[in-house]
S.K.: 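Can you keep this structure in mind? I'll have questions shortly.
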There are 2 protein chains.
Amino acid sequence: MATSTVENYLKEILVITLEEEISKVPMGQVAKVLGVTPGTATSMAKSLERDGWIKYFPRVGVSLTKKGKKLAMNMLRRHRLLETFLVETLGLDWSEIHAEAEELEHAISEKVLEKLDDFLGRPRFDPHGDPIPSKGGVIQQMTSKPLSEFPEDASVRIESIIDQNKEFLRFARKSNLVPGQLLKIIGKEVCADAITLKTLKGKVVNLGFRSAEKVLVLPYE
Amino acid sequence: MATSTVENYLKEILVITLEEEISKVPMGQVAKVLGVTPGTATSMAKSLERDGWIKYFPRVGVSLTKKGKKLAMNMLRRHRLLETFLVETLGLDWSEIHAEAEELEHAISEKVLEKLDDFLGRPRFDPHGDPIPSKGGVIQQMTSKPLSEFPEDASVRIESIIDQNKEFLRFARKSNLVPGQLLKIIGKEVCADAITLKTLKGKVVNLGFRSAEKVLVLPYE
DNA sequence: TCTATAATTTTGACTAATCAAAATAAATAT
DNA sequence: ATATTTATTTTGATTAGTCAAAATTATAGA
């Protein structure tokens, strides 16, 4: 069984791998994200390799083995589901959930996690808009999705507008709803059928759900 | 900051102290409940004393200091609130919640705990009927009395059912006579040997005096 | 009282995780 | 090509928590 220190190392290595699209994460970076000295990261790398979690390439960096990646993906799932719970159910602030989830993710059992997933309605994105890996450890393809499927506070980038309607397109352009534009969902009232957006420049736009379905976006950052 | 090992030692010492009403818990018992060898318990006792959590009386046992008791009470609060959450919200089975809460209680922050408390409606009893210590670490420990001793119009909360009889327990559960349930005595006919109760939801139940003696309650409000 | 048994403590050893600081290797600049 | 800077590894030490087994003390029995 992996200790929570091991879980943290693997998860952070995975996150860096995904974010920077590199195959070997240098030790300095590992040390930095985990808040330990470089020497600690190196000695940890050796014992992680001994236990089959990673491959360690001296003076180059580390990469996850299949077994390591599986565990790391599972940790990411835990983390993101917990963040969703903390925001959606308990109403915690966006800014404080990361640290909280960081602790809980090591303590929650597989069973409770699945119950929580049910309770939350099997969300596919966390409050930051990041995809929640499936139970099997597969991460959702980053194919663009309708704006309407994202939760409040999500940061997204417009990929495309799927509507031929000239009226709508004109409105969209006028409101800066163009591919490439970065947006934050600052309000989502399901009962009122309304979504409120803010562009990077601070411009605020309101959309109905019907329209929000026509705007395909990707989670950003 | 206390490690989770420290938290466990203190909590278990508290539980034994409460259950057996003794002031000094012998080391053998500490070792047993924590699943460690006696030598480990002894050496742990020394470091717990060094850090001011307990008083250690060699060859006799340990007792909690004020500081230790405060932390231990807080752990008990965490444990029981989490058990309540696991049953009430996630629908876990009664038999599995203890082990789950045992892990989570060390990971949940004070802030999340209070949010959870709000979310659950500030329950005062966990699913086993045990009282949940208040935020300040005070445990509500009025002595419960048989339902039969209370007058008409009294509002009470069920503390426990003292009967081994399966028939009666089944009936009690069916009638919602379970720990934590709030009741009002709406009729008491001494000559007819009968008590009439009403639950919060308006359900009316009749009990004979013999049965009412088996239901221990506390006055409520 | 004296001995057998039970409980407790001591001792020595081990693992996981960490740091500080010295040593080494690689990358960059001159 | 050499010196300087930066990244990485090694070394030696520390702390928390644990066990096994020997030593000690207390308890109870005859």
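When reading the values below, keep in mind they use all heavy atoms of this one structure, side chains included, and skip hydrogens, waters and symmetry mates. First the proteins, then the strands, lettered A, B, ... as listed; each starts at 1.
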S.K.: Quick one, which residues of residues 18-33 of chain B touch DNA chain C with a heavy atom under 4.0 Å?
M.R.: P26(B), M27(B), G28(B)
S.K.: Residues in side chain to side chain contact (heavy atoms under 4.5 Å, CB included) with V6(A), at least two apart?
M.R.: A2(A), T3(A), L10(A), M44(A), L48(A), W53(A)
S.K.: Taking only side-chain nitrogens and oxygens of T3(B), does any of them come within less than 4.0 Å of OP1 or OP2 of dG17(D)?
M.R.: yes
S.K.: Are K184(A) and E152(A) within salt-bridge range, i.e. N to O under 4.0 Å?
M.R.: no
S.K.: Which residues within residues 46-60 of chain A lie with some heavy atom under 4.0 Å of an atom in DNA chain D?
M.R.: K46(A), Y56(A), P58(A), R59(A)
S.K.: Could you work out, with side chain to side chain contact (heavy atoms under 4.5 Å, CB included) as the rule, every residue matching P123(A), not counting sequence neighbours?
M.R.: L81(A), T84(A), D117(A), L120(A), I132(A)
S.K.: Report all side-chain donor-acceptor pairs from residues 11-19 of chain A shorter than 3.5 Å, counting only partners two or more places apart or in another chain.
M.R.:
from   : atom 1 : to      : atom 2 : distance (Å)
K11(A) : NZ     : E102(A) : OE1    : 3.2
K11(A) : NZ     : E102(A) : OE2    : 3.2
K11(A) : NZ     : E105(A) : OE1    : 3.4
K11(A) : NZ     : E105(A) : OE2    : 2.7
T17(A) : OG1    : I13(A)  : O      : 2.7

S.K.: For residues 41-68 of chain A, pull every pair meeting salt bridge (charged side-chain N to carboxylate O under 4.0 Å, His left out), keeping only residues two or more places apart or in separate chains.
M.R.: none
S.K.: Which residues within residues 64-75 of chain A lie with some heavy atom under 4.0 Å of an atom in DNA chain C?
M.R.: none
S.K.: Between protein and nucleic acid, restricted to nucleotides 18-20 of chain D and to nitrogen or oxygen atoms under 3.5 Å apart, what atom pairs and distances do you find?
M.R.:
from    : atom 1 : to     : atom 2 : distance (Å)
dT18(D) : OP2    : Y9(B)  : OH     : 3.3
dC19(D) : OP2    : T37(B) : N      : 3.1
dC19(D) : OP2    : T37(B) : OG1    : 3.2
dC19(D) : OP2    : T40(B) : OG1    : 2.7

S.K.: For F85(B), enumerate each residue passing the ring pair (Phe, Tyr, Trp, His ring centres under 6.0 Å) test, keeping only those at least two apart in sequence or located in another chain.
M.R.: F85(A)
S.K.: T37(B): what forms a side-chain hydrogen bond (donor to acceptor under 3.5 Å, both in side chains) with it, not counting sequence neighbours?
M.R.: T40(B)
S.K.: Applying ring-ring contact (aromatic ring centres under 6.0 Å, His included) as the test, list every pair that has at least one member in residues 24-43 of chain A; sequence neighbours left out.
M.R.: none
S.K.: So how far off straight is the helix from dT1(C)-dA30(D) to dT30(C)-dA1(D), going by the axes through five pairs at either end, to 10°?
M.R.: 10°
S.K.: Tell me whether E83(A) is salt-bridged to R78(A), with the criterion being a basic N under 4.0 Å from an acidic carboxylate O.
M.R.: no
